[in-house]
Amino acid sequence: MADVEFGGNMQTFEMSRYIDLDLYHAVERTHPYYVEMIDEIQRLLGETSNGSDVLKAWEFGAGTGLATEEFIKHENLVIDALDLDSDCKAILESHIAPKAAGRVNFILGDATTYKGEEPYDVVMSVFAHDHIPYEKGEDLAKNISDNLKPGGLYIIGGELLPFYTSEEERQEALHLYHGFIVSKALRDGYFELAQIEINALKSGLEKIGDFKRHEEQFEQEMLSQGFKMHTKTKLGPVDKNDVGGVFVYAFEKQ
């Protein structure tokens, strides 16, 4: 993360350091299994909000608002949408505010330290958890728990790598996962997305903004903070077990 002072206001830059945000916003929905991932998260949100007058939610790593735009389709959902990157927040607010009817608050902040004014019914993240450095993984899990009501859910859509035990294996796991995603994107005709994924691979190898976990590692981070796994769904690839994949989890605060 980089911080820059402009006219007395601190600007922070994370994803915008290595991703073209306008291009990302235009093509990210073509990411393999993205639509299926959002559909599964929407299903879980629907179950959570059933019968509730107002469901208060925190979305961290909201980025440019692609997922937020889907979440506000739940008319009883009120969202505090947080991102660490000033440029992301600017796009997020300009994209979502006209569509949200005042139901989304836009916050510049760090997901590992942010404190809401009151506990949330649900916390969501989409392709954001792996922007948290490995050494802060349990800090994030604890902060999610601290911000949730008892019985509240953390719903995450994310990318997980095949299992690894060393730095050399981690790099190979990144190549396997991103290689699969890039190949699929190219075969599907999404050439701009393939370029974004190549940049994401580079950022992961260099540990600049991208810190993908494997399944066991991610689950242990969450369970170590007292969460109970509610659901786990792999959206794809469902026919390959050696490249990682796109998952949706829900964890319940005990």
Side-chain angles (χ1 to χ4, degrees), residues 1-2 14-15 17-19 24 28 30-34 36-37 40 60-61 63 84-85 110-112 125-144 154-188 190 193-251:
M1 180 186 71
E14 199 274 318
M15 191 168 74
R17 291 179 297 153
Y18 54 91
I19 294 290
Y24 169 88
E28 183 65 3
T30 65
H31 188 293
Y33 317 113
Y34 183 92
E36 296 90 337
M37 174 186 65
E40 175 63 11
F60 69 84
L84 183 64
D85 190 301
D110 186 332
T112 65
S125 72
V126 173
F127 286 176
H129 198 110
D130 58 19
H131 287 261
I132 305 300
Y134 301 119
E135 65 270 18
K136 292 186 176 182
E138 291 189 1
D139 293 339
L140 174 64
K142 181 179 185 303
N143 199 41
I144 293 169
Y154 172 43
I155 303 173
I156 169 179
E159 301 169 284
L160 293 173
L161 300 178
F163 184 77
Y164 59 83
T165 61
S166 67
E167 175 59 19
E168 182 179 5
E169 289 179 2
R170 185 191 74 89
Q171 293 192 20
E172 177 61 19
L174 281 164
H175 280 288
L176 285 170
Y177 174 72
H178 284 287
F180 172 81
I181 295 296
V182 168
S183 177
K184 181 165 174 49
L186 291 172
R187 290 178 182 276
D188 291 344
Y190 297 125
L193 177 72
Q195 184 58 59
I196 286 177
E197 287 298 309
I198 291 170
N199 292 339
L201 169 60
K202 184 174 185 291
S203 69
L205 292 170
E206 297 176 354
K207 297 183 181 178
I208 302 175
D210 195 308
F211 304 89
K212 289 184 176 66
R213 283 99 165 129
H214 58 71
E215 290 177 58
E216 183 178 321
Q217 179 184 15
F218 167 64
E219 292 169 11
Q220 181 55 42
E221 284 180 358
M222 300 304 302
L223 298 176
S224 74
Q225 300 306 310
F227 281 97
K228 175 184 177 181
M229 192 185 301
H230 182 271
T231 60
K232 172 183 177 179
T233 305
K234 184 177 183 181
L235 286 310
V238 295
D239 59 340
K240 293 181 179 293
N241 296 317
D242 58 349
V243 299
V246 175
F247 290 77
V248 171
Y249 284 82
F251 290 93

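If you're wondering where the values come from, they're calculated on a predicted model, not measured in any experiment. The chain is numbered in sequence order, starting from 1.
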S.K.: Side chain to side chain contact (heavy atoms under 4.5 Å, CB included) between I198 and H178: does it pass, once the steps are laid out?
M.R.: CA-CA 7 Å; I198 291 170; H178 284 287; over 6 Å; no

S.K.: Measure across P237 and V243 and return the closest heavy-atom pair with its distance rounded to 0.1 Å.
M.R.: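 Taking every non-hydrogen atom into account, CG-CG2, 3.7 Å.
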
S.K.: Please determine which of D188, I196, L193 meets the side-chain contact (heavy atoms from CB on, under 4.5 Å) test together with T30.
M.R.: L193

S.K.: Measure across M222 and A141 and return the closest heavy-atom pair with its distance rounded to 0.1 Å.
M.R.: SD-CB, 3.8 Å

S.K.: Check V246 against P32 and note the closest heavy-atom contact, atom names and distance.
M.R.: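 Residues V246 and P32, closest heavy atoms: CG2-O, 3.8 Å.
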
S.K.: For the pair D210 (side chain) and G204 (backbone), establish whether a donor and an acceptor sit closer than 3.5 Å, ignoring hydrogens and angles.
M.R.: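 Absent.
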
S.K.: In the structure I gave you, are the side-chain heavy atoms of H31 and E197 within less than 4.5 Å of one another anywhere?
M.R.: yes

S.K.: Name all pairs fulfilling the side chain to side chain donor-acceptor pair (under 3.5 Å) condition that reach into residues 235-248, sequence neighbours left out, sorted by first residue then second.
M.R.: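 Found none.
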
S.K.: Counting C-beta onward and ignoring hydrogens, is there a side-chain heavy-atom pair between F211 and K136 closer than 4.5 Å?
M.R.: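 Not touching, per the 4.5 Å side-chain cut-off.
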
S.K.: When rounded to the nearest 0.5 angstrom, what is the spacing between OG1 in T233 and CE in M37?
M.R.: 12.5 Å

S.K.: So how far is it from K212 NZ to Y134 OH, rounded to the nearest 0.5 Å?
M.R.: 8.5 Å

S.K.: Check whether the side chains of Q171 and E167 place a donor and an acceptor atom closer than 3.5 Å, and report yes or no.
M.R.: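 On atom types as modelled, these side chains qualify, holding a pair under 3.5 Å.
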
S.K.: List the residues meeting salt bridge (Lys or Arg N to Asp or Glu O under 4.0 Å) with K228, not counting sequence neighbours, and say none if there are none.
M.R.: none

S.K.: Evaluate the ring planes of Y164 and H214, with Trp represented by its six-membered ring, and classify them as parallel (under 30°), tilted (30 to 60°) or perpendicular (over 60°).
M.R.: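 Perpendicular.
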
S.K.: Would you find more than 12 non-hydrogen atoms of other residues, nucleotides or ligands less than 6.0 Å from E135 atom CD?
M.R.: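 Counting neighbours around CD of E135, more than 12 heavy atoms of other residues, nucleotides or ligands fall under 6.0 Å, so yes.
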
S.K.: Looking only at non-hydrogen atoms, find the nearest pair between V238 and L235 and report the distance.
M.R.: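 Shortest heavy-atom separation between V238 and L235 comes out as CG1-O, 3.8 Å.
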
S.K.: Rounded to the nearest 0.5 Å, how far apart are CG of L174 and NZ of K207?
M.R.: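 Here the interatomic distance stands at 10.0 Å.
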
S.K.: If the test is ring pair (Phe, Tyr, Trp, His ring centres under 6.0 Å), which one of F251, Y249, F247, F218 qualifies with H129?
M.R.: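 Of all the options given, the one that passes is F218.
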
S.K.: More than 12 heavy atoms of other residues, nucleotides or ligands under 6.0 Å from NZ of K234: is that the case?
M.R.: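 Yes, enclosed.
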
S.K.: Take F127 and M15 through the side chain to side chain contact (heavy atoms under 4.5 Å, CB included) test and state the conclusion after the steps.
M.R.: CA-CA 11 Å; F127 286 176; M15 191 168 74; over 6 Å; no

S.K.: Would you check, one step at a time, whether the test side chain to side chain contact (heavy atoms under 4.5 Å, CB included) holds for Y177 with L160?
M.R.: CA-CA 8 Å; Y177 174 72; L160 293 173; over 6 Å; no

S.K.: Should Q225 and Y154 count as side-chain neighbours, where that means a heavy-atom distance under 4.5 Å?
M.R.: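 Answer no - side chains too far apart.
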
S.K.: Calculate, to the nearest 0.5 Å, the distance between atoms CD and CG belonging to E215 and L161 respectively.
M.R.: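 Answer rounded to 0.5 Å: 10.0 Å.
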
S.K.: Can you tell me if E169 uses its side chain to pair, donor with acceptor, with the backbone of T165 under 3.5 Å?
M.R.: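 Present.
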
S.K.: Considering only heavy atoms from C-beta outward, does the side chain of N143 approach that of D139 to under 4.5 Å?
M.R.: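 No, their side chains stay 4.5 Å or more apart.
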
S.K.: Hey, does K202 have a side-chain heavy atom less than 4.5 Å from the side chain of Y18?
M.R.: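 Side-chain contact under 4.5 Å: no.
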
S.K.: In Å and rounded to the nearest 0.5 Å, what is the CD to CG distance from E221 to L223?
M.R.: 10.5 Å

S.K.: Please list, chain by chain and in numerical order, all residues satisfying side-chain contact (heavy atoms from CB on, under 4.5 Å) with S183, sequence neighbours excluded.
M.R.: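 Once residues adjacent in sequence are excluded, the partners of S183 under the side-chain contact (heavy atoms from CB on, under 4.5 Å) criterion are R187.
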
S.K.: Look only at the side chain of Y33 and the backbone of G245, and say whether a donor-acceptor pair between them is shorter than 3.5 Å.
M.R.: no

S.K.: Identify the two heavy atoms, one from D85 and one from E14, that lie closest to each other, and give their separation to 0.1 Å.
M.R.: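 The answer is OD2-N, 2.6 Å.
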
S.K.: What distance separates I132 CD1 from D110 CG, expressed to the nearest 0.5 Å?
M.R.: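 Result: 6.5 Å between the selected atoms.
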
S.K.: Specify the closest pair of heavy atoms between L186 and A194, including all atoms of both residues, with the distance to one decimal.
M.R.: CD2-CB, 3.6 Å

S.K.: Are there over 12 heavy-atom neighbours, none belonging to F227, within less than 6.0 Å of that residue's CZ?
M.R.: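 Yes, the 6.0 Å shell around CZ holds more than 12 heavy atoms from other groups.
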
